[in-house]
Amino acid sequence: MSSETSSQAIADIKQEQLPIPSHKLHGWTHFLGLYAGEHVAATEFVIGATFVALGASTKDILIGLLIGNFLAILSWTVITAPIAVQTRLSLYTYLHKIAGDSMTNLYNWANVLIFMVISAAMITVSSSAVRLLFNIPAQLHWYPTSSLFVLVVLAVGMIVVVVAMYGFNAVAEFSGLCGPWLVVMFVCGAFVLFPALANSVLGRTELSSFGDFITIGDQSIWTGVNSKGEPGIGLWEVIGFAWAANTITHFGLIDMALLRYAKSSLYGLCTSAGMLFGHYVAWIAAGVMGAGTAVLLKSNIVELDPGDVAYRALGLSGYVIVIVAGWTTANANLYRAGLAAQSIFHTHSRKMVTFTVGCITVVIACFPFVFSQMLPLLTYAGLLVAPVGGIVFAEHVVFPRIGFTRYWAHFRRSNHSTPAIAAWIGGLAFGFGLNAMNVMSFYYLFLPTWIFTILLYTILAKQYGAAEKYPVEQAEDEKRTEEIKAFQAEQAISEGDPIRDHSWLSKALTGIAWTSLGLTLVLALRVMFWSPDMTAYEQNVAIFYPWAFVFTITYFAFAYWVLHRRKALNLHLAD
């Protein structure tokens, strides 16, 4: 094959199926922002309040969440990032090379199910804010109790579906703007409601020491007693959930799609922006907001939904945070569900497949049990995909170390990998079997399941040809890799580098956006530390609510203006 013919063949391949070229890699600041934006979302309201309802203690929350999220950061850095950087492929493409069509189709079905459920939960969360505008009662059962709430879900949900079909790129860019604002607003919400909590426990609105915080937490937030009045979850369960919450993306390797753009596998440490600020801080802040709202409304936290909590903590900005956080998260996951479904029904367009999947998702969103059961749903979703991560880890990391041939099924021209499918089914049977026997906390089931799948796949793959050598096929594969690198090097020269906007106007607009966030935080700190009594507290809150909303509008207006200028600059140069 001539070089021109080879280049044309490579050009005809969909870009998603090729390794990411070096000129499209991103720096570490990109990943800090990416993970901060993705992991501060509407789910944090649900999960933070759920820890309160499950009866975790204050010390277990402070220590357990720190340890669990640190383990999650290590999982991304040690497992996901190295495979992503070495292959420069998404999991979907790499899995197809390892296990062929059959395994990939099964995995895509699993992803459709998982991302539909997560999207449905986020649509329900967004709807919980909209329902307040129509005085619809909180939906506390597993089924909807108001026909008007169903209409709200259908309206909010169909907006999500349409955007996922047509305008996902714009939403993805807008989601990047939301990260800093979401972090600030979660912290502000906790600051605003904490004096009310302090007054209910200590009889005063101000704290004199960290011990006061522990006392308030033990007595009114993380009491160690669940909503049924029974002893709650302990330290190991808190650690386990914090680690397992993102099993899909680290042990399950979904985040290969993001980290394949990293210049180094050490960029896996950038997930700390999401885990420490997004999960650790936001989950604690959500717990404080939920408990504070329950005190002010003289209610129980299990009787509140995210809309109640956000509105009481942040006023009109609370509507914005719940709607935006739920909307952006739902769009991203519904888009993923549509992509997975389209790869199965490849004769149909992505838009139509996404529309069909979206309609089913919206129907699911009408049932509030989806978001109220987020902890077990996320854990079981992780258990569902952990075996697939084990199969890929075995092929990529274990096989070269024990003398097996990586990509053996690909070299044998096999579209069906019996070892991969059998190992996945075996891993699921093993994991859910352990759960049925109640051998260990289900938060940790992903770990033995992952290890078991690695062993099972290795044993089965040996029987089917993984231990054999394929020198001719390997030489052809290496030659193909070099041709792709040469083609991408030519592309890099022709495309040129993206232009960065260093104009004074954009700097000024960015400064205004960040200043608005800073002023919001200052007002919240004033409520927290300069409210000597409830009268002063109520006055400070009355100032915070309208100005926080003004600064919210200011931030988004100016931040989006900067984004629009940067896009316009690159489009102009491209023309």
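Hydrogens, waters and symmetry mates play no part in the numbers below; they use all other heavy atoms, side chains included. Along the sequence shown, residues carry numbers from 1.
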Taking the six-membered ring for Trp, are the ring centroids of [X] and [Y] within less than 6.0 Å of each other?
X	Y	answer
Phe31	Trp76	no
Tyr464	Trp408	no
Tyr457	Phe393	no

Item checked: Nearest heavy atoms of Phe345 and Val353, plus distance in Å -> O-CG2, 4.2 Å
Next item on the list: Quick one: closest heavy-atom pair of Ser265 and Ala81, and the distance?
Entry: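 Ser265 and Ala81 have their closest heavy atoms at O-CB, 3.3 Å.
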Check: Of all residues at least two apart in sequence or in a different chain, which pass the side chain to side chain contact (heavy atoms under 4.5 Å, CB included) check with Ile63?
Finding: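 Listed in chain order: Ile67, Leu235.
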Is [X] reaching over with its side chain to a backbone N or O of [Y], donor-acceptor style, under 3.5 angstrom?
X	Y	result
Thr361	Ala120	no
Tyr280	Leu66	no
Arg260	Ala84	no
Thr80	His250	yes
Trp424	Leu384	yes
Asp60	Gly64	no
Gln463	Leu460	no
Asn435	Gly431	no

Notebook entry, point to check: Are Trp450 and Tyr444 close enough, and set up right, to give a ring-ring contact (aromatic ring centres under 6.0 Å, His included), and what steps lead you there?
Noted result: CA-CA 11 Å; Trp450 184 74; Tyr444 291 95; over 10 Å; no
Item checked: Pairing residues for Glu473 by the salt bridge (charged side-chain N to carboxylate O under 4.0 Å, His left out) criterion, not counting sequence neighbours -> none
Next item on the list: On the 0 to 90° scale, with breaks at 30° and 60°, tag the Tyr94-Tyr407 ring pair as parallel, tilted or perpendicular.
Entry: perpendicular
[X] atom [atom1], neighbour heavy-atom count above 12 within 6.0 Å:
X	atom1	value
Phe452	CZ	yes
Phe430	CZ	yes
Met352	CE	no

Note to self: Evaluate Met256 against Thr93 for side-chain contact (heavy atoms from CB on, under 4.5 Å), listing each step before the verdict.
What the structure shows: CA-CA 10 Å; Met256 282 179 63; Thr93 303; over 6 Å; no
Margin query: Regarding Thr104 and His96, do their side chains bring together a donor and an acceptor under 3.5 Å, going by distance alone?
Written below: no
